[in-house]
Amino acid sequence: PYTEAANKITDDIDVCDVAGIFEKLKQCDFEMFEPKGQQQYFFQTLFHDDVIEAISKVANIAADIMTSQTPNAIVISGCGTSGRVAFLTARSLNKIVPGEKFRYTIAGGDKALFTSQEAPEDNRKAGVNDLIKSTIDDVKVLYIGITCGLSAPYVAGQLDYCMDNLDKFVPVIIGFNPVYLARKNPIYDWDKTFYDVVTRLERLTSQRKGFLINPVLGGEAITGSSRMKGGSITMVILQTIFTHALNGVLTSSDMTSQLECKNLLKSYQNTCRLFYESSTTTVTTLMTSATQSLKSNSSVYYVSSGGSGVLGIVDSTECIPTYGASLDDVRGFIVGGYGEFNNAEGDIGSLGKNYQIGCDDLSKLLKLRDLEHNDTILVVAKSWDDPVLNEIQVEKDLGTQLKLVAASQSNVYVVVIDTEQGKREKNMPDYVAKLFVISIDLNEELLSENLIEICSKWIFNAVSTGAHVLIGKVFRNYMVDLKVSNQKLFHRSIGIIQRFCPSVSEQEAMTYLLKSIHDVTNVDDVMHRSIKDHVLRATPKDKVVPTAIVMATTKCDVTQARQLLSKYHVIRDALSSVVTP
Ligand code: F6P
């Protein structure tokens, strides 16, 4: 699948400096709108007529629901980043569309907004239950399931349920593979695969009873890391659908409607170009600081307001499963805490520090930090009037912790995304030594909030990706030390082992993986177990895939492989010592 393919652009990202990494991330993001290489000739891309037509049709249905007086709803759903983007979209639209018509469901519930909950992604029954629960009182529902890889069982269950109940549901799937590359592996406790379900949807599209929006984006910068391009284009598509619906789409002809969608998508492409053109110094400086923080066992803290605050939290959440980061390495905070975050389950801060997301929580945390720490605090403001700037603009005498830390060892960076062409630079307090302005000239009034928000996603994604690459968490462009915590990641792991040991077959790669998961030299006793069992055993373990790669390359046993890995602090160095280029 394209979403699992390594991208040639980032083949050597692990040996690049900050400038090189920034350039590669930029090239990869540009591909969201114009994929390079073979696939653009064979598969539909974002600007393909079929994609635009589907977006415009879905916008029509959305407009209908948004304006109706009957109890109708729009449910957006997904797993991991896809579910978090679903939440972000529902949250912001409920603020402007009356009637709380937007809902989200995410595998693992609201906990999954802050921490990775990957096992529930495999649970298609939980998907159905969550959907039924959230739409119990509704007459008509527009269901938008997001699964970048066309693979998540949680979404498959919901989609199938919608297709069984077409009198109530209009099902839509957003993903980034052609249908024939949808996942064909069996789903636990079911006789259907994702492929079966999505081909059923494909048949419905000709009758306009269902919709499939699946442009190909080119491989992710870090292989399989769909939080990046996948997450961004999901935002672009959702925002295009709903902006178009809000624009009064019902009154326009098909042609006009599609043209408007195309123009909206072009605004994002334009913004992406402007963003990358004007942010090199800012982002590379931030990447360098974040790298130094992580290298010295310190933290990176993001602080923002509104949707950007959510996006900072989302980015930090993803670092744990993607890079094996600790809970403290990267954390996000939002101005106004839970009151502003506005998730369905409310304040769940009592569950632990990863669920504490307000600026007050950051202040408390910083009070406990000693001066030895070399934290990076990244404040992203969407304009000169952004409330986040008040968080750092207190009188010196009042002494917030942000100020105290700024005065100590830590690096407080303030980035203002300025769409008003330098309208004004407020007098930043002395202690904010590092002020960066990313100037973007936006003409699109209606979209501008969304366009700025997506820029903040690109900043957070680049900083966390760059820093983790620079501390050696990535080998070539693979996140080799991934947690094997669900079916998709189990299969991805087999692919990674084969990528570094091309001489081993798929079966042999799986054998090495099982040896590493179960700590055995002979897999006969574990081979018959289900993938679910393997995943349960693998989830809490460290270095499962690197251990398997060392075994597959050097033909040593599991103990020797672990011994070799223990000699290195940096996973990239360990694997470079055994894998020949
Ligand atoms: O299984 C973990 C994960 O890969 C997340 O990193 C990702 O955001 C999520 O699954 C969703 O994947 P998809 O959108 O392909 O269903």
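Counting starts at 1 for both ligands and their atoms, following the listed order.
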Evaluate Tyr355 against Phe341 for ring pair (Phe, Tyr, Trp, His ring centres under 6.0 Å), listing each step before the verdict.
CA-CA 11 Å; Tyr355 303 91; Phe341 197 73; over 10 Å; no
Carboxylate-amine/guanidinium proximity below 4.0 Å for Glu340 and Lys95
yes
Angle class for the Phe490/His534 ring planes (parallel below 30°, perpendicular above 60°, tilted otherwise)?
parallel
Go through the steps to decide whether Tyr143 and Tyr161 satisfy the test ring pair (Phe, Tyr, Trp, His ring centres under 6.0 Å), and finish with yes or no.
CA-CA 11 Å; Tyr143 165 82; Tyr161 178 82; 9.6 Å; no
Under 4.0 Å between a side-chain nitrogen and a carboxylate oxygen: does that hold for Glu118 and Lys483?
no
Please list all pairs passing the salt bridge (Lys or Arg N to Asp or Glu O under 4.0 Å) test where one or both residues lie in residues 122-131, with sequence neighbours left out.
Lys125-Asp189
Which protein N or O atoms sit under 3.5 Å from any N or O of ligand 1? Give each pair with its distance.
residue  : atom   : partner : partner atom : Å
ligand 1 : 1 (O)  : Glu121  : OE1          : 2.7
ligand 1 : 1 (O)  : Asn486  : ND2          : 2.9
ligand 1 : 4 (O)  : Lys488  : NZ           : 2.8
ligand 1 : 8 (O)  : Thr81   : N            : 2.8
ligand 1 : 8 (O)  : Thr81   : OG1          : 3.3
ligand 1 : 10 (O) : Glu121  : OE1          : 3.2
ligand 1 : 10 (O) : Lys488  : NZ           : 2.8
ligand 1 : 12 (O) : Lys488  : NZ           : 2.8
ligand 1 : 14 (O) : Ser82   : OG           : 2.7
ligand 1 : 14 (O) : Cys148  : N            : 2.7
ligand 1 : 15 (O) : Cys148  : N            : 3.2
ligand 1 : 15 (O) : Gly149  : N            : 2.9
ligand 1 : 16 (O) : Thr147  : OG1          : 2.7

